[in-house]
Amino acid sequence: MSLPIDLSVPAPQPELGIDIDTVKGFLAPDEGARLHQLADLAAQLGPVLEIGSYCGKSTVYLGRAVQEHRGTLYALDHHRGSEEHQVGEGYHDPDLFDVARNRFDSFPAFRDTIERAALDDTVIALVAPSSTVARDWQSQLAMVFIDGGHSMAAAQADFDGWASKVMPGGILAIHDVFPNPADGGRPPFEIYQQALASNRFVDFGLTRSLAVLQRRG
Ligand code: MG
């Protein structure tokens, strides 16, 4: 298997139709450009699904490419925040806290992003836990992007639920993969290692912390 792009070269920055710096999130521009480039390939084969949409930054990069192919991007997130987004934790953002309901909720910000980016015809929000959506999911996916919770339980559930749904020739991308433990937490790296050990994927290396793999035929 191979991909018709050179992953040793940075992907060109796409025209996104929105000032991406106004969208909260934890995705570097070169990683976003790579996602757009991969989604442009994948959308020619079938639907794309991301896990961990947060406020929609990666959704815009992926969705803009998918929209050009009149495809579908499923954006899966329970929108209650990962462990690190909760009150008192390192990545808590008070703007995303619903005071009336006393809960974290990134879904309003996500919907605003999708509307501002004019991606309503492309993006389908799946607002539920990853494992709940995976349970009865049948469709093969041309690309799965895992960027959900960073606990081992969350990352494992994302991998177990979705890696098997990538179609032959399709792409599995995993964010926040840090080979050096000093750079960040291990669970995304651990599931990346599991993907390699399964021998079902070809490794295309890292763009910053974005791991890119292709499902074997
Ligand atoms: Mg991430």
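Whatever order the structure lists them in is the order used to number ligands and atoms, beginning at 1.
- Note that the CD atom of Gln193 and the OG atom of Ser198 stand 11.0 Å from one another [nearest 0.5 Å].
- Within a 6.0 Å sphere centred on CZ of Arg80, heavy atoms belonging to other residues, nucleotides or ligands number more than 12.
- Using a 4.5 Å cut-off on side-chain heavy atoms (C-beta onward), Ile171 and Leu3 make contact.
- Among residues two or more places apart in sequence or in another chain, the side chain to side chain contact (heavy atoms under 4.5 Å, CB included) test is passed with Asp93 by Lys24, Tyr54, Asp95, Leu96.
- Protein contacts to the Mg ion (ligand 1) involving N, O or S atoms at a distance below 2.8 Å are Asp147 OD1, His175 ND1, Asp176 OD2.
- Using modelled atom types, one finds a donor on one side chain and an acceptor on the other under 3.5 Å when comparing Glu31 with His175.
- Atom NZ of Lys165 is separated from atom CE of Met167 by 13.0 Å, given to the nearest 0.5 angstrom.
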